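Take a look at the structure below.
So that the names make sense, note that chain A is the first sequence line, chain B the second, and so on, each numbered from 1. Note that the coordinates shown come from a computational prediction; the quantities given were computed from them, not determined experimentally.
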Amino acid sequence: METFQEQLAQRLSQALAKSGLPNVGELSQAADGRFGDYQTSAAMVLAKQRGENPRQIAEKILANIDVDLIAEKPTVAGAGFINFKLRPEAIAKQAGDLLGDERLGVARSTSPRKIVVDFGSPNVAKPMHIGHIRSTVLGDALARIAKFLGHDVVRDNHIGDWGTQFGMVIWGWKNLLDRQALARDPIAELVRIYKETNERATKDETIREACRQELVKLQAGDEENFSIWKQAADLSMAEFAKTYALLDIHYDFQHGESFYNDQLPGVVDRLLKSGIAEVSEGAVVVFFKDDVDLADKPAIIRKKDGGFNYATSDIATVEYRINELKRDTLWYVVGAPQTLHFKQIFAIARREGFDVDLRHIPFGNILGEDRKLMKTRSGENVPLQDVLEEAIERVRKIVDEKNPDMPNEEKIDIARKIGIGAVKYADLSQYRMTDYIFSWDRMLALHGNTAPYLQNAYVRIRSIFRKAGAARSTIDKIDIVEPAEINLAKKLAQFAEIVPQVLNDFRPNILANYLFELANSFHAFYEACPVLQSEESTRTSRLALCELTARVLQRGLNLLGIEVPERM
RNA sequence: GCGCCCGUAGCUCAGCCGGAUAGAGCAUCGGAUUUCUAAUCCGACGGUCGGGUGUUCGAGUCACCCCGGGCGCGCCA
């Protein structure tokens, strides 16, 4: 099925052709409901091109346009806008069609891509902290949306499991490890030995040197050191898995940096041979002299000491994803500070001749209420697990107050769905580049643009169906008359127009804001239009509207990675 | 020094390729419930879109300059 936007755009194209005018100008949702439902500035664009009067051109277009089945007679307004107002019958019919469509009107992409979404990327031997939530939640949502739109999506967690810090971890493991503590809380113990080793190393040159030697041995394939590294990595991954389970986040691959180790010498050789890289001051470096942005920002791909760094493994990663995974699109959901790094990696990939779509999807920081990077009172990173658990606890308290008689198991389930949903939604409802200020009160607020507010709309609908004694509505015909019904049905029809827009610029907040407006329209409808008490035909029609709203809310939240409870 | 991002109501934020009188939420104030979950709804108050210049029929949006904040720039990841 087609959206109203598509239908009207098609009619507009036909009218332009019939008027002997080129097909220009876009047709969009009206900026302001007072102007109607859709608008186009085609006449103004044409007037500018041809030096004619925009309102006259608009009249000419209107003389040739036929939208009778969908909209009232279009009008010219302002400087030359053409406004369309949908007919209630058309809205009702569209809503009825949506009821019969599993995809709620959302079309599959006509040009499906084979995508890797690279997101999450925690570091081994360190706890996941609040800073990881954005990449994780944003990447997950984008992957879900891309998949729903018909793309072939692979989710890859590029774990930070290699690097110079392992010299210290291994030294600490050999000299300071408390096995019992490791069994109790592996990451905490790994952090402890790392920190203590680091402290000693800054004071004591011999320890510093010992750490370096441990690293050299690890990179040379020393059996004992490799085994220690492996244990540390496995223990960390097991901890991450718990957090991912709580977040309902799943990966197809978790290829850490170490996965690419054996490919690094080959990468450097190839780049040297092809002349992309050169030796400079003992290191192997790629210069970008013909690129104004990168002219004075070379990338090092092999250090003076022969070691490789993360630029090297990221190049190997690009090659692997294209050649082995057969992907044509790579999305990197990684913080804004790494913009330069990805510019370099992508520039190198282009020089190697890869013709693929490479995107860095950056995002801003999470700040505390003091507007500085969010830290604990003692200045540490805030562990993600603690945040999630606190969110759940806070919701649990509210559930206990509101629904003391609910079975404990259901309370646990609800607290998780709302608590986790609130944390995710707080992040996703905001434009990804703006630093966002973490606030429990705002996140879990029962009013306003929050996950609980959206979940509540769904819950109210489910409650209606429980009272009605039906799981869902049985009819597929919708009649609408009340303004609140019309508003709601229009909103429902917009879902299919909104979802694809998210991928234009990787902005799930567009979808979040839409869902908020939908919930808002539903609540208004709920107040104004009794469902179960109303007379037949109206009753079934309103039930159908409720059903459709519930499905759009559930699907929309699902695309954001958020679950809905049946009661709350 | 070079580069990137951000600056919109008291607070937190929307506003994708430039489109009409700049929108929400929170807070404040005023209303609404014998009715399907008040975890709700309706209304009011609130703005030199950091400043300036320019491009344009039209600029919060584009270009340039400046101010403020954050971040990144050869051997960490």
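- Across the P atoms, B:C17 and B:G7 are found 13 Å apart, a figure rounded to whole Å.
- Sorted by first and then second residue, the side-chain hydrogen bond (donor to acceptor under 3.5 Å, both in side chains) pairs involving residues 281-308 of chain A (not counting sequence neighbours) are A:D290-A:R351.
- Look at the C1' atom in both B:G30 and B:U21: the space between them is 26 Å, to the nearest Å.
- Between B:C29 and B:C6, the distance separating the two C1' atoms is 33 Å to the nearest Å.
- For A:S13, the side chain to side chain contact (heavy atoms under 4.5 Å, CB included) test picks out A:N23, with sequence neighbours left out.
- When only modelled atom types and interatomic distance are considered, A:N261 and A:S258 share no side-chain donor-acceptor pair under 3.5 Å.
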Donor-acceptor contacts, no H, no angles, side chain residues 529-536 of chain A, under 3.5 Å, sequence neighbours left out:
unit_1: A:S534; atom_1: OG; unit_2: A:P530; atom_2: O; d: 3.2
unit_1: A:S534; atom_1: OG; unit_2: A:V531; atom_2: O; d: 2.7
unit_1: A:E536; atom_1: OE1; unit_2: A:T540; atom_2: OG1; d: 3.1

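- Residue pairs meeting the salt bridge (Lys or Arg N to Asp or Glu O under 4.0 Å) criterion with at least one member in residues 499-519 of chain A, sequence neighbours excluded, are A:K491-A:E517, A:D505-A:R507.
- Side chains of A:Y332 and A:Q338: a donor-acceptor N/O pair is absent below 3.5 angstrom, by distance only.
- When the nearest nucleotides of RNA chain B are assigned to A:R34 and A:N513 by heavy-atom distance, the more 5′-ward of the two goes with A:N513.
- For RNA chain B, the stems formed by at least three consecutive Watson-Crick or G-U pairs, with both atom-pair distances below 3.5 Å, span B:1-7 with B:67-73, B:10-13 with B:23-26, B:28-32 with B:40-44, B:50-54 with B:62-66.
- We find that the ring of A:F81 and the base of B:A20 stack, their centres lying under 5.5 angstrom apart and their planes tilted less than 30°.
- Checking A:D32 against A:G163, the closest nucleotide of RNA chain B that is more toward the 5' end is the one next to A:D32.
- Listed pair A:N509 / B:C16 fails the phosphate criterion, with no side-chain N or O lying under 4.0 Å from OP1 or OP2.
- In this structure, the side chain to side chain contact (heavy atoms under 4.5 Å, CB included) partners of A:P407, at least two apart in sequence or on a different chain, are A:E410, A:R567.
- Atom C1' of B:A20 sits at a distance of 26 Å from the matching atom of B:G52, rounded to the whole Å.
- Ring stacking holds between A:F35 and B:A20, with the centres under 5.5 Å apart and the planes within 30 degrees of each other.
- Between the P atoms of B:A22 and B:C45, the separation comes to 15 Å (whole Å).
- In terms of phosphate contacts, A:Q430 brings a side-chain nitrogen or oxygen within less than 4.0 Å of OP1 or OP2 of B:C13.
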